[in-house]
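Everything numeric here is computed off the predicted structure, so don't read it as measured data. When reading the values below, keep in mind they use all heavy atoms of this one structure, side chains included, and skip hydrogens, waters and symmetry mates. Every number for a ligand or one of its atoms is a count from 1 in the order of the listing.
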Amino acid sequence: MDRLTLRRPDDWHLHLRDGAMLAAVLPDTAAVMGRGIAMPNLVPPVRTTAEAAAYRERILAARPAGSDFTPLMTAYLTDDTDPDDLAAGFETGVLTAVKLYPAGATTNSASGVTDIDALTPVLERMSELGMPLLVHGEVTDAHVDIFDREAVFIEQILAPLVVRHPRLKVVLEHVTTAEAVAFVREHAPQVAATVTPQHLLANRNDLLVGGVKPHYYCLPVLKRARHQQALVDAVCSGHPAFFLGTDSAPHAVGRKESACGCAGCYTAPVALQLYAEVFDANDALDKLEGFASLNGPAFYGLPPNNDHVTLVRRPGSRVPDRLDVDGLTDGVQPFLAGRPLAWQIAENAPHASEMS
Ligand code: NCD
Ligand code: ZN
């Protein structure tokens with residue numbers, strides 16, 4: 001198969017940032033994705049319905065001319081989250097989901113939750129509403145090894161949480177381990193997972209062998225090859241609980257190539273092409289549309305997009321070297337910058353309605 005047309009995909013985990021960075025990165029996502037779950041870890045975070053509505057306006061204002069990309073908004077869960085505010089945001093369509101960051105787990109998560117048990121009233125309300133909880137699944141205890149933080153989170157926090165709140169829809173974001181895959185398989189359809197291109201294409205050797213490669217550094221950190229293989233097997237199996245979430249997370253080059261480099265891979269310009277490589281390499285191109293375009297909407301209770309994108313297996317294109325950002329001298333370096341791509345996005349097929 002050298003040509004593949006699929007329903008337009010959505011990105012169920014995306015960092016769009018704000019200001020000049022938002023203006024620079026949004027076109028890369030809007031060129032391919034119909035919708036994107038906008039992560040709320042700005043500084044300060046997006047915590048309330050009002051803050052999410054304002055951020056949504058800034059994203060809409062930054063869309064390239066003619067784009068109908070739809071941002072889906074999330075609120076950042078804190079120890080002080082008001083269940084009434086979340087309910088109002090969900091019922092008026094401003095909020096799609098709520099994001100749980102354990103305090104200190106990742107970039108801009110200092111305001112995160114310190115005691116999940118104290119949030120029972122909020123989680124009960126979300127269960128009643130059918131409002132999904134999106135989880136950064138890593139413990140932050142200093143004594144837990146960074147490579148074990150996801151598995152320990154699942155065992156100590158997530159497993160009891162889904163038992164305590166059996167009607168709460170949960171997305172375990174950017175899964176990285178065989179333990180996460182097993183947990184999601186066991187708890188679907190209550191629990192689903194997003195999977196990033198970098199966790200499918202790389203493992204910790206790519207990050208560390210031959211010198212530290214800061215552009216491979218993200219959280220949760222890349223794991224061993226056997227965990228990478230478990231993720232590939234999960235998505236290529238076509239299991240409906242796994243769907244596309246790039247976790248595209250731009251940082252200025254100087255902040256990644258640093259003595260204390262930021263976590264996050266900027267994958268937006270090439271994410272769909274990279275996912276296609278993974279499915280292709282595993283003879284599973286027939287499962288790509290489910291992963292990219294159908295499983296996510298089904299979990300969120302939304303219709304799939306009406307229009308289509310076409311991928312073509314064609315050599316000659318490469319991952320861009322840089323993205324210019326106003327006011328940043330060195331811009332943003334995409335994940336796998338300069339590497340040849342096996343697949344290209346051909347053209348946008350007409351809307352389904354226009355074809356009939
Ligand atoms: C994300 C970011 O930079 O905002 N970084 C990352 O490594 N994934 C935050 C996150 O999703 O953990
Ligand atoms: Zn993220």
*Ligand-residue contact atoms, ligand 1 with His13, heavy atoms, under 4.0 Å*: 11 (O)
*May I ask you to check whether His251 has an N/O atom sitting below 3.5 Å from an N/O atom of ligand 1?*
yes
*Give the residue, atom name and distance (to 0.1 Å) of the protein heavy atom nearest atom 8 (N) of ligand 1.*
Asp247 OD2, 2.6 Å
*Report yes or no: does Lys169 contribute a side-chain atom to a donor-acceptor pair with the main-chain N or O of Phe299 at less than 3.5 Å?*
yes
*Indicate whether the side chain of Gln229 and that of His227 have a donor and an acceptor atom separated by less than 3.5 Å.*
no
*Given side chains that start at C-beta, do those of Leu14 and Ile37 come closer than 4.5 Å, heavy atoms only?*
no
*asked:* Counting only nitrogen or oxygen atoms and a 3.5 angstrom limit, does Gly264 reach ligand 1?
replied: yes
*asked:* So for Arg17, does at least one of its heavy atoms come nearer than 4.0 angstrom to any atom of ligand 1?
replied: yes
*Which pairs pass ring-ring contact (aromatic ring centres under 6.0 Å, His included) with one or both residues in residues 178-208, sequence neighbours excluded?*
Phe183-His187
*Any Lys/Arg nitrogen of Arg58 or Asp18 sitting under 4.0 Å from an Asp/Glu carboxylate oxygen of the other?*
yes
*asked:* Test of understanding: given a 4.0 Å heavy-atom threshold, classify the contact between His136 and ligand 1 as side chain, backbone, both, or neither.
replied: side chain
_I'd like to check the side chain to side chain contact (heavy atoms under 4.5 Å, CB included) partners of Ser111; sequence neighbours left out, ordered by chain and number._
Pro45, Tyr76
*Closest protein heavy atom (residue, atom, distance) for atom 5 (N) of ligand 1*: Ala263 O, 3.1 Å
*Are Glu173 and ligand 1 in contact, using a heavy-atom cut-off of under 4.0 Å?*
no
*Quick one: nearest non-hydrogen protein atom to atom 9 (C) of ligand 1, plus distance?*
Thr106 OG1, 3.3 Å
*To the nearest 0.5 angstrom, please state how far the CD atom of Glu173 sits from the CG atom of Leu219.*
14.0 Å
*What residue and atom, counting heavy atoms only, is the protein's closest point to atom 7 (O) of ligand 1, and at what distance?*
Leu219 N, 2.7 Å
Side-chain atoms of residues 284-293: list all donor-acceptor pairs with protein atoms under 3.5 Å, sequence neighbours left out, distances to 0.1 Å.
residue : atom : partner : partner atom : Å
Glu289  : OE2  : Arg7    : N            : 2.7
Ser293  : OG   : Arg7    : O            : 2.7

*asked:* Could you tell me if Tyr266 and Asp28 have a donor-acceptor pair between their side chains, going purely by distance under 3.5 Å?
replied: yes
_Does either side chain, that of His15 or that of Asn41, offer a donor lying less than 3.5 Å from an acceptor on the other one?_
yes
*Give a yes/no verdict on whether any heavy atom in Met39 is under 4.0 Å from an atom of ligand 1.*
no
_Donor-acceptor pair between Thr310 and Thr5 side chains, under 3.5 angstrom_ = yes
*Within-2.8 Å protein N/O/S contacts of the Zn ion (ligand 2)*: His13 NE2, His15 NE2, Asp247 OD1
*Identify the protein heavy atom lying closest to atom 1 (C) of ligand 1, giving its residue, its atom name and the separation to 0.1 Å.*
His15 NE2, 3.6 Å
*With a 4.0 Å heavy-atom cut-off (strictly under), which part of Asn108 contacts ligand 1: side chain, backbone, both or neither?*
neither
*asked:* Between Asp85 and Thr48, is there a side-chain donor-acceptor contact under 3.5 Å, judged purely by atom types and distance?
replied: no
